[in-house]
Amino acid sequence: MKALLVGAWALASLGPPAGAIEGPDLGESSTVQAAGGGAPRGDWALELSAGFPWQRLRGQVGVGRGFTVVGEFETALGRRFWPAAGVGYRMADHAHLRITGEAMLGWLVQTTPELRKRGFAPMLRVRVASPWGRRVNRWIPHLELGMRPAILMDRSVYVGARGERTQWTARSNLTLWGSLGLAVAINEHVGVDIGIDLPWVDVPAISIPGFHVGLYLGGWGR
Amino acid sequence: MTAALVFGAACGPPEYGVLIDGRRIPVVDMHLHPGEWHGVPAATQAFLAGRFPFPFNTNPGDLADGILSAEGILEELDDAGIHGALLYAVYAPRTVGVATNELVEGYLDHAPSRFWGLASLRVDQWRDASQEALDDLEAALAHPGMIGVKLAHAHMHFRMDDPAYFGIYELAGRMQKPVYLHTGTSPFPGTSRDAAYTDPVYLEGAIEAYPDTVFILGHLGFDFIEREHRGLETCIDLASRFENVYLEPSALGSPSGDPNGAQLREAMRRMREAGLVDRIIYGSDGPQSPGFVAEYLERTVEAMRDTGYEVDEIEMVLSGNFERVFGVEVAQL
């Protein structure tokens with residue numbers, strides 16, 4: 001992860017600054033901000049995505065000095081949920097390369113009776129977006145990589161002659177996340193996205209790749 | 001060599017059998033499990049769900065019921081190019097669950113030209129109800145599609161050498177119904193792991209006492225905990241000394257447990273070296289997961305080719321021995 005960030009930073013250093021985008025500068029679209037993370041102070045963006053098996057609602061707002069506040073709710077088929085909140089920091093901010101690191105605090109709940117899970121599940125994530133196009137950075141291929149360890153709490157109830165005894169035990173697991181997509185900014189405020197998701201859920205169990213389509217909104221009132 | 005192996009067609013009407021060196025060989029899978037998810041104990045449900053891929057493991061019951069249904073099993077067989085299969089009844093309520101004789105009969109009636117069944121019986125109340133259990137087993141074996149008996153001492157918690165249960169072998173011999181026995185340890189929660197429940201050497205007394213009963217030693221005594229051959233030589237020794245012993249190499253060569261196929265090759269090689277090819281009956285222990293039935297067949301054929309089996313010998317393993325031992329006719333291709 002560290003090597004990736006250093007490499008991306010070096011690459012970003014070679015490019016022109018963000019103000020040098022081609023064509024009329026209409027400002028950074030909300031699609032770029034949502035896909036690549038990060039936003040100027042007061043800018044906000046919302047992502048709604050649906051697919052198999054993941055659905056996601058994500059919002060962010062810029063708070064200045066490269067930081068954003070992020071809130072997210074993710075589910076897989078309505079049986080696995082991950083509400084989370086955290087902060088993002090845009091580490092590379094150039095015309096054709098935006099890199100944002102995000103640290104999230106979340107809670108994992110899986111309701112499957114045979115494989116119930118619940119517990120603290122923070123996430124570290126890096127978003128990379130490369131906007132292209134003459135107006136409003138129309139084409140935005142983007143990549144998301146993350147790791148999400150979870151500390152799962154299990155409650156065991158022992159029923160004996162002297163009554164019930166409850167015991168809490170902890171175990172851990174790890175989910176690695178990869179997602180590759182192409183976002184298209186329709187205008188400054190609206191964009192769409194299509195992508196493939198390559199998660200490795202609860203390593204070392206096998207995971208099936210997924211896909212999603214998304215809608216990006218935001219930027220009004222800035 | 002791989003190019004010489006052509007399995008069932010992937011699209012269009014299924015083409016059954018394995019094509020080896022221009023010869024199409026019929027295949028029977030003698031080890032498949034039908035069932036219903038709700039018949040599996042909670043601990044085993046969790047164990048199984050943990051092996052399903054994400055996101056299917058978020059709703060394992062639907063996946064399991066789909067693949068374990070009659071249509072689901074037929075679909076897996078068609079994908080593998082296998083025409084016929086043997087379905088097992090199971091009575092192990094504390095470990096792997098229950099698939100009743102009646103449930104299996106329903107499958108047999110659904111596809112009588114493609115399914116046969118092995119009946120089983122409850123042994124958990126043996127002291128008080130052994131005769132009743134034997135009567136139920138005899139009634140189940142009266143179904144024309146029920147061609148044998150399934151036992152798993154490790155799952156059902158009774159010793160292999162306990163004469164109190166030898167009436168099962170007596171009944172099977174009298175009705176000329178071969179007995180399939182799980183040998184070796186089992187990965188499922190709650191199973192017995194002591195040698196008397198898992199080591200096939202403990203079956204010798206029964207094998208010797210009932211020469212008219214066919215004993216099929218499932219899994220070749222494989223240790224599914226440590227993932228290594230533990231009872232292979234014992235099985236080979238028993239089959240070498242007793243004509244009523246047959247061998248079935250299912251599950252031990254699964255892609256997850258034997259990724260490079262070494263365990264399965266070793267088993268197939270040792271059995272052939274011992275001159276026991278006419279005692280081997282092919283089985284997979286599917287359906288497990290989509291594609292497993294086809295993959296296990298492919299791995300088994302490759303293991304046989306890698307260890308020098310001739311085409312005639314492969315045919316004996318894949319269907320000929322089954323036909324002879326169970327006295328049924330396998331559909332010709």
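Sequence lines set the chain letters: A, B, ... in the order given, protein chains first and strands last, and positions in each chain run from 1. Computation of the quantities below employed the complete heavy-atom set of this structure, encompassing side-chain atoms and omitting hydrogens, waters and symmetry-equivalent molecules. No experiment lies behind these values; they were computed from the predicted model shown.
- The side chain to side chain contact (heavy atoms under 4.5 Å, CB included) search around B/Pro41 returns B/Thr44, not counting sequence neighbours.
- The contact between A/Trp54 and chain B is made entirely by side chain atoms (from C-beta outward), counting heavy-atom distances below 4.5 Å.
- Taken to the nearest 0.5 Å, the CZ atom of B/Phe52 stands 9.5 Å off from the CG atom of A/Leu115.
- The minimum heavy-atom distance linking A/Ala205 with B/Gly50 is given by the pair CB-O, 4.5 Å.
- Considering every non-hydrogen atom in both B/Asn57 and A/Gln110, the closest pair reads O-NE2, 4.5 Å.
- Contacts with chain B were tallied for A/Gly210, A/Ser207, A/Ala76; A/Ser207 has the most, counting heavy-atom pairs under 4.5 Å.
- Here the side chains of A/Glu114 and B/Trp37 are in contact, with some heavy-atom distance below 4.5 Å.
- Between chain A and the options B/Ala42, B/Ala46, B/Ala43, heavy-atom pairs under 4.5 Å are most frequent for B/Ala46.
- Other residues, nucleotides and ligands place no more than 12 heavy atoms under 6.0 Å from the CD1 atom of A/Ile206.
- Counting heavy-atom neighbours within 6.0 Å of A/Arg79 CZ, excluding the residue itself, gives a total above 12.
- Rounding to the nearest 0.5 Å places CZ of A/Arg80 at 14.5 Å from CG of B/Asn59.
- Both the backbone and the side chain of A/Ile208 come within less than 4.5 Å of a heavy atom of chain B.
- Proximity to chain A (any heavy atom under 4.5 Å) is restricted, for B/Phe56, to the side chain, taken from C-beta onward.
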